[in-house]
Amino acid sequence: MEQALQKICGSRATTDPFELAPYAHDVAYVPAILVNLLTNPLPKAVVQPISAEEISSLIKWAKQGKIPVTVRGGGSTAYFNCIPMKSGLVIDTNRLQGFSEIELDQGSQKKMVWVKAGMTWKDLDDGLRQQGCAVCSSPSSAPSATIGGWVSMGGLGIGSVPYGPIHDQIMALRGVTATGEIVELSRPDKGPARNNGSEQSGLQFNDLMGTEGTRGIITEIKLLVRDVPEKEEHLLAVFNNETDTGAMMSWLGGEHFTSLYNVHFSSPEFIMSLQKAGYAHEIPPGKYSLEIDLEGKRDEVDQAVAHIRKQVKVLGGTLLPDEVGAEEWADRFKSLRLEQTLPSLLAAEMTLPVSNFAAFYERLSKLGQKTNTLCVTYAHLVSPDMALVMVLYPSDELNLIRYIVDLSFTSNLYKLGHSLGGKPYVIGFWNTPYLGKIYDKGERERRRQRKQAADPHAMLNPGKGYNPPNIILNSHVFGLAMIMIGLFRPMVLKILKGGQGQ
């Protein structure tokens, strides 16, 4: 195998077990016994191609041998999106680097660039800023998340309020199909799809976005960019309760400020955890905080700041000194820095109507108190009426029993979010039991049909996104198991003396 792959990628192909080991996990801490029971995560080989042509050759080689292929970018998620379920070949895209000269569309006067899928969002933004431009939006994991990876996921994050999900910012895609064709696909509203291959695959533009590498492999993206803003302001408001904080979030979305770029919520528990790690000491303990970031023309920013100051006061909040807001903005990519104080975490990430955010947090707090679980919560406003919410809580991946009983709490979190109009943000492997909470029956069937059309042999990232890969993760079996485990969780935690949330 290694010799065959090295004919395609040279020394950038390996079957060395030591070099393969990091590709069997992402940022999640999961007991090895549980992983090996449900998956076969150690790849047989890893390759780091530098071109679409190499990826095409790799896919054709894998197809001949019926070898599963998993694509990996930064590996910065916790849901095993980029982890092999059936071993096989991992294509590491991190050597696909660089971006083109900035283009100006004469019709719309919008600026855009072609960018390779393996670049990180921070590297791209740093490079663009040297030319007076910037990315429109980015994930909170921008220093490690790759361009192709975030496009393949949900694409919601910092800057989504004014610019929408990343899918709205993509003008065209280049990639490789499950048959090895190299294709270029334009947005449906920007002209007919262009296919440099044989037209066999029928791959569509939307097949490469939000599908987690299950229908094709992204190699390059034509992305809208923006001019560096004339002025920025970063405010940090603190409130006494979740009701006033939620009201402020809803008001910010409803006002439709043209200069509103980002809103980040931090719970008292999140702030406390950061302070234990040596951050955010300027925020008073027990407060709820909203970082409000504004960008744009000077007069628009100034007007928005004046309105926001008044509304914060109306809701009984307090604006901290300007330098505190600026510091929080500078630390915007460090949401997971609390790993320093809570090294073993489980999480539930979901989209939620912002109008229900306060109710969600109130019920979450009661659930945490009832089960003696520390819930660490932060959120981004990602549209005028939608928030992306992350809830983390401590577990112990070294204790299999503790870890399994804690999974029932994740199930309860998704159930709580679903009752208030929320749904899991990504699927990957670990969220396949919740497919029914993410898509309705008709959409699930449509997605299965598109998978069958684009990847009839289920070679690309199998076991993700369409059907539970085994009986244990069947939604009914898994749901019943989580209910039963949840009943015994308090007793188990008490026995293990691990229910203090520390």
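Scope of the values below: all heavy atoms of this structure, side chains included, with no hydrogens, waters or symmetry mates.
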Side chain to side chain donor-acceptor pair (under 3.5 Å) between Thr14 and Glu19: does it pass, once the steps are laid out? CA-CA 7 Å; Thr14 183; Glu19 295 180 336; 2.5 Å; yes
I'd like to check [X] versus [Y] (side-chain heavy atoms, cut-off strictly below 4.5 Å). Are they in contact?
X	Y	answer
Val426	Glu212	yes
Ile271	Glu269	no
Val71	Thr93	yes
Asp406	Glu397	no
Ile427	Thr432	yes
Tyr425	Val382	no
Val113	Lys222	no
Ile221	Trp114	no

Measuring from atom [atom1] of [X] to atom [atom2] of [Y], what distance do you get when rounded to the nearest 0.5 angstrom?
X	Y	atom1	atom2	answer
Ser408	Ile485	OG	CD1	6.5 Å
Leu38	Ile472	CG	CD1	5.0 Å
Leu224	Cys133	CG	SG	11.0 Å
Gln48	Arg72	CD	CZ	11.0 Å
Arg174	Leu96	CZ	CG	12.5 Å
Leu89	Met459	CG	CE	9.0 Å

Just by distance, do the side chain of [X] and the backbone of [Y] share a donor-acceptor pair under 3.5 Å?
X	Y	answer
Ser411	Leu407	no
Asn262	Ile158	no
Ser267	Thr377	yes
Ser141	Ser76	no
Lys423	Tyr439	no
Trp121	Thr146	yes
Asp440	Glu443	yes
Asp207	Leu203	no
Ser365	Tyr361	yes
Ser56	Ala52	no

Before giving the answer on ring-ring contact (aromatic ring centres under 6.0 Å, His included), spell out for Tyr403 and Tyr29 the whole-Å C-alpha distance, their side-chain angles and the decisive distance to 0.1 Å. CA-CA 10 Å; Tyr403 190 90; Tyr29 293 92; 9.8 Å; no
Indicate the atoms forming the closest heavy-atom contact of [X] with [Y], along with that distance.
X	Y	result
Gln97	Met119	OE1-CG, 3.4 Å
Leu364	Cys375	CD1-SG, 3.8 Å
Glu328	Ala280	OE2-CB, 4.1 Å
Ala13	Val47	CB-CG1, 3.6 Å
Asp92	Tyr23	OD2-OH, 2.6 Å

According to the interplanar angle, ranging from 0 to 90°, do the rings of Tyr261 and Trp329 count as parallel (below 30°), tilted (30 to 60°) or perpendicular (above 60°)?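 Judged by the thresholds at 30° and 60°, the geometry between Tyr261 and Trp329 is perpendicular.
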Please verify the inter-ring angle class for His264 with His380; under 30° counts as parallel, over 60° as perpendicular, anything in between as tilted.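 Ring orientation, 0 to 90° scale: perpendicular.
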Whether Lys122 and Asp126 form a salt bridge (side-chain N of Lys/Arg under 4.0 Å from carboxylate O of Asp/Glu) is what I want to check.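 Judged by the 4.0 Å cut-off on N to carboxylate O distance, Asp126 and Lys122 do form a salt bridge.
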Does a side-chain N-to-carboxylate-O contact under 4.0 Å join Arg12 and Glu54?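 Between Glu54 and Arg12 there is a salt bridge, with a charged N closer than 4.0 Å to a carboxylate O.
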Is the CG atom of Leu34 crowded by more than 12 outside heavy atoms at less than 6.0 Å?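 More than 12 within 6.0 Å, yes.
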Testing the 3.5 Å rule here: is there a donor-acceptor pair between the side chains of [X] and [Y]?
X	Y	value
Tyr393	Thr410	yes
Thr179	Glu181	yes
Arg489	Thr373	yes
Gln169	Ser137	yes

Measure from the ring center of Phe80 to the ring center of Trp430 and say whether it is less than 6.0 Å.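 Ring centroids of Phe80 and Trp430 are less than 6.0 Å from each other.
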Ring centres of Phe265 and Phe357 under 6.0 Å apart?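 Close enough - the centres of the two rings lie under 6.0 Å apart.
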Row check, Tyr466 ring normal vs Arg444 NZ/CZ: under 6.0 Å, within 45°: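 Ring-cation test returns no.
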